Amino acid sequence: MANPVSLHPYNTFHIAASAQQLVIATTVEQLHAAWQEARHQQHDVLLMGEGSNMLFLEDFGGTVILNRIMGIALTETATDWHLHVGAGENWHQLVCYSLEQGIMGLENLALIPGCVGSSPIQNIGAYGVELKQVCEYVDVLDLENGKTFRLSNEACQFGYRESVFKHHYRQGYAVIAVGFKLTKQWQPVLAYGDLRNLDSTTVTAKEVFEAVCQMRRSKLPDPAVTGNAGSFFKNPVVQPAAFEKIKEEFPTVPAYPQPDGAIKLAAGWLIDQCHLKGYVQGAAAVHRHQALVLINQGGASGAEIKALARHVRETVAERFGIWLEPEVRFIAAHGEVDAVGALA
Ligand code: FAD
Ligand code: EPU
């Protein structure tokens, strides 16, 4: 049997887990053949982009397939730009490419790590924009039969860090391309954070891009330097009664009302109120500038990060009665495991 392959370079937490085999697929045919071959060997299969939303709890005993299907095709109508983008393209490079072409609308999503093909999976979002606002369709490969099909934006069932790819299409399907529709009637989205300081009548998409990059660099650790997977937990959505209780004690609690009357709270704020910012446990730590980000201080194992996540989750639950749910996907020896269950 071949030697295990280190996944250290392939996950942004820089966990030194291994896989039995690693295949880089640059075409749909290669991706399908790699999956079939792995199944023939009775290997479990893990699809990966850039590993920026994953925590390896231990070595993965199967085949990792890295999706590196490239290519960007640009077309236009009188009203819109259309981009058809291979799933293996880097997300931030796509944002830069679109701006270079004079296409606006992706600037709020600058500097999000990962591949374009992963962007619909959790409906990536930042600074007031989510993928669902710009995604026209997602092309999918059925790994069992090798057939491809297209899902419309609506069929993707996008929600906050949610989509059909976490449910019906979680197993046995690969995203192979994403289609974007970007209007030529661009309107800046300036409702979030420091973007509010920009003048909507004169601001350019390039200026929004620069402001987003600056805010992100001031808060979020660069995975090239410090291992992390961005926000470790999702922001919890609570009912008004639970929110009012917290507000009595903390009148300035950050809160984002949802269309259905529920309130989204900031998990980073909740963790911060528990005085966990900068908290260190072994080689894992809560980031000093953003309490929602857990970091690998160097040489941490997935189990160490998990132990810290459990401590953070239990502390927040004790203080506020809110159980945070991980955004990061947990990977064990045979593939993904339920992250909430793993922390219980
Ligand atoms: P991976 O981590 O490789 O994979 C994620 C999941 O998708 C896994 O379950 C994997 O099996 C599956 N998968 C991967 N490729 C495919 C495919 N082709 N077909 C089917 N399934 C597939 N996210 C945000 O939403 N907003 C942010 O602002 C943000 N900021 C971040 C900042 C930092 C510093 C970091 C490290 C992460 C941040 N993230 C953010 C999370 C992460 O960037 C996104 O989730 C990203 O889309 C993950 O892309 P990836 O290619 O690395 O996916
Ligand atoms: N806050 C604190 N202390 C902290 C962190 C945050 O008090 O340590 C407060 C902030 O002051 C602010 C609020 O919490 O009032 C929200 O903080 P921030 O604007 O930094 O955003 P977030 O809710 O922590 C979310 C996304 C990020 C995305 C940013 C910007 C989730 C889980 N996270 O973070 O996405 O980049 O908004 O839009 O929704 C990711 O998903 O990996 C990610 C980084």
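Counting starts at 1 for both ligands and their atoms, following the listed order. Predicted model only: the values in this text are computed from it and were never measured.
Those atoms of ligand 2 that come under 4.0 Å of a heavy atom in Asn235, given as number and element, are 23 (O), 31 (C), 32 (C), 39 (O). Atoms of ligand 2 found under 4.0 Å from any heavy atom of Tyr160 (numbered from 1 in listed order, with element): 31 (C), 32 (C), 39 (O). Within ligand 2, the atoms closer than 4.0 Å to a non-hydrogen atom of Tyr256 are 13 (C), 16 (C), numbered from 1 in the order shown. Atoms of ligand 2 found under 4.0 Å from any heavy atom of Phe233, numbered from 1 in the order shown, are 32 (C). Of all atoms in ligand 2, listed by their number and element, those nearer than 4.0 Å to a heavy atom of Arg216 are 36 (O). Atoms of ligand 2 found under 4.0 Å from any heavy atom of Ala126 (numbered from 1 in listed order, with element): 36 (O), 38 (O). Every atom of ligand 1 with a heavy atom of Ala126 under 4.0 Å away is listed here by number and element: 28 (O). Within ligand 2, counting atoms from 1 as listed, the ones closer than 4.0 Å to a heavy atom of Gly230 are 42 (O). Taking a cut-off of under 4.0 Å to the non-hydrogen atoms of Ala266, the atoms of ligand 2 that pass are 13 (C), 14 (O), 16 (C). Listed by number with element, the atoms of ligand 1 under 4.0 angstrom from any heavy atom of Gln122 are 23 (N), 24 (C), 25 (O), 41 (C), 44 (C), 45 (O).
The shortest N/O to N/O separation between Lys234 and ligand 2 does not fall below 3.5 Å. An N or O contact shorter than 3.5 Å is missing between Gln122 and ligand 2 by distance. For ligand 1, the polar-atom distance check against Asn53 finds a nitrogen or oxygen pair separated by under 3.5 Å. Remark: ligand 1 and Gly49 share an N or O pair separated by less than 3.5 Å (distance only, no angle test). Any N or O atom pair closer than 3.5 Å counts here, and Pro254 shares no such pair with ligand 2. When only interatomic distances are considered, the shortest N/O to N/O separation between Leu220 and ligand 1 does not fall below 3.5 Å.
The single protein non-hydrogen atom nearest to atom 39 (N) of ligand 1 is Ile112 CG2, 4.2 Å, given as residue, atom name and distance. Closest to atom 3 (N) of ligand 2 among all protein heavy atoms lies Asp272 OD2, 2.7 Å. The protein heavy atom nearest to atom 34 (C) of ligand 1 is Asn228 OD1, 3.4 Å. Protein heavy atom at the shortest distance from atom 1 (P) of ligand 1 is Gly51 N, 3.6 Å. In terms of protein heavy atoms, atom 1 (N) of ligand 2 is closest to Trp269 N, 3.8 Å. Distance from atom 38 (C) of ligand 1 to its nearest protein heavy atom, with residue and atom name: Pro113 CD, 3.7 Å. Atom 38 (O) of ligand 2 has its closest protein heavy atom at Tyr127 N, 2.7 Å. Annotation: atom 21 (O) of ligand 2 to nearest protein heavy atom, Tyr192 OH, 3.1 Å. Nearest protein heavy-atom contact of atom 8 (O) of ligand 2 is Ala291 N, 2.8 Å. Of all protein heavy atoms, the one lying nearest to atom 8 (C) of ligand 1 is Met54 CE, 3.4 Å. The protein heavy-atom contact nearest to atom 47 (O) of ligand 1 is Ile124 CG2, 3.3 Å. Looking at atom 19 (N) of ligand 1, its nearest protein heavy atom turns out to be Val175 N, 2.8 Å. For atom 17 (O) of ligand 2, the nearest protein heavy atom (residue, atom name, distance) is Gln290 NE2, 4.1 Å. Looking only at heavy atoms of the protein, atom 27 (C) of ligand 1 is closest to Gly125 O, 3.6 Å.
Contact analysis puts Arg216 in contact with ligand 1, with a non-hydrogen atom separation below 4.0 angstrom. Taking a 4.0 Å cut-off on heavy atoms, Pro221 registers as neighbouring ligand 1.
Considering only heavy atoms from C-beta on, Ile65 stays 4.5 Å or farther from Gln30 through its side chain. Side-chain atoms of Val164 and Tyr173, non-hydrogen and from C-beta on, never get closer than 4.5 Å to each other. Contact of the Ser152 side chain with the Tyr137 side chain is not registered, since no non-hydrogen atoms from C-beta on lie closer than 4.5 Å.
The nearest protein heavy atom to atom 11 (O) of ligand 2 is not closer than 4.0 Å. Distances from atom 31 (C) of ligand 2 to the protein include at least one heavy-atom value under 4.0 Å.
Nearest to atom 42 (O) of ligand 2 by heavy atom, out of Pro236, Ser231, Pro113, is Ser231. One option in Gly193, Pro326, Gly125 has a heavy atom closer to atom 28 (C) of ligand 2 than any other, and that option is Gly125. For atom 27 (C) of ligand 2, the nearest non-hydrogen atom from the set Glu130, Lys277, Arg161, Glu327 comes from Arg161. One option in Gly88, Gly172, Ser118 has a heavy atom closer to atom 49 (O) of ligand 1 than any other, and that option is Ser118.
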* Might you work through the side-chain contact (heavy atoms from CB on, under 4.5 Å) test for Tyr97 and Val85, ending with a clear yes or no? => CA-CA 11 Å; Tyr97 166 87; Val85 186; over 6 Å; no
* side-chain contact (heavy atoms from CB on, under 4.5 Å) between Gln157 and His168: does it pass, once the steps are laid out? -> CA-CA 10 Å; Gln157 298 174 22; His168 186 70; over 6 Å; no
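Between Phe232 and Phe13, the ring planes are perpendicular. Angles over 60° get that label, and only those under 30° would be called parallel. Using a 30° and 60° split on the angle between ring planes, His311 and Tyr279 fall in the parallel class, below 30°.
Taking the centre and axis of the six-membered ring of Phe330, the NZ or CZ atom of Lys306 falls outside the cone set by 45° and 6.0 Å.
For the atom pair CG (Leu31) and CG (Leu66), the distance works out to 10.5 Å, reported to the nearest 0.5 Å. For the atom pair Glu336 CD and Asp44 CG, the distance stands at 13.0 Å (nearest 0.5 Å). Distance check, rounded to the nearest 0.5 Å: CG of Leu324 to CD of Glu314 gives 11.5 Å. Interatomic distance, CD1 of Ile121 versus SG of Cys115, reported as 9.5 Å (0.5 Å rounding).
Classification of Arg319 and Glu249 as a salt-bridged pair holds, one side-chain N sitting under 4.0 Å from a carboxylate O. Using a 4.0 Å cut-off between charged side-chain N and carboxylate O, Lys147 and Asp142 make no salt bridge.
Gln214 and Glu210 share no donor-acceptor pair across their side chains, judged by distance under 3.5 Å alone.
Checked against a 6.0 Å centroid threshold, the rings of Phe209 and His92 count as neighbours. You'll find the ring centres of Tyr169 and Phe149 inside the 6.0 Å limit.
Using a 4.0 Å cut-off between heavy atoms, Asn67 contacts ligand 1 through its side chain alone, with no backbone atom that close.
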Listed pairs under 3.5 Å, donor-acceptor, residues 128-136 side chains, sequence neighbours left out:
| unit_1 | atom_1 | unit_2 | atom_2 | d |
| --- | --- | --- | --- | --- |
| Glu130 | OE1 | Asn123 | ND2 | 3.0 |
| Gln133 | OE1 | Glu130 | N | 2.8 |
| Glu136 | OE1 | His82 | ND1 | 2.9 |

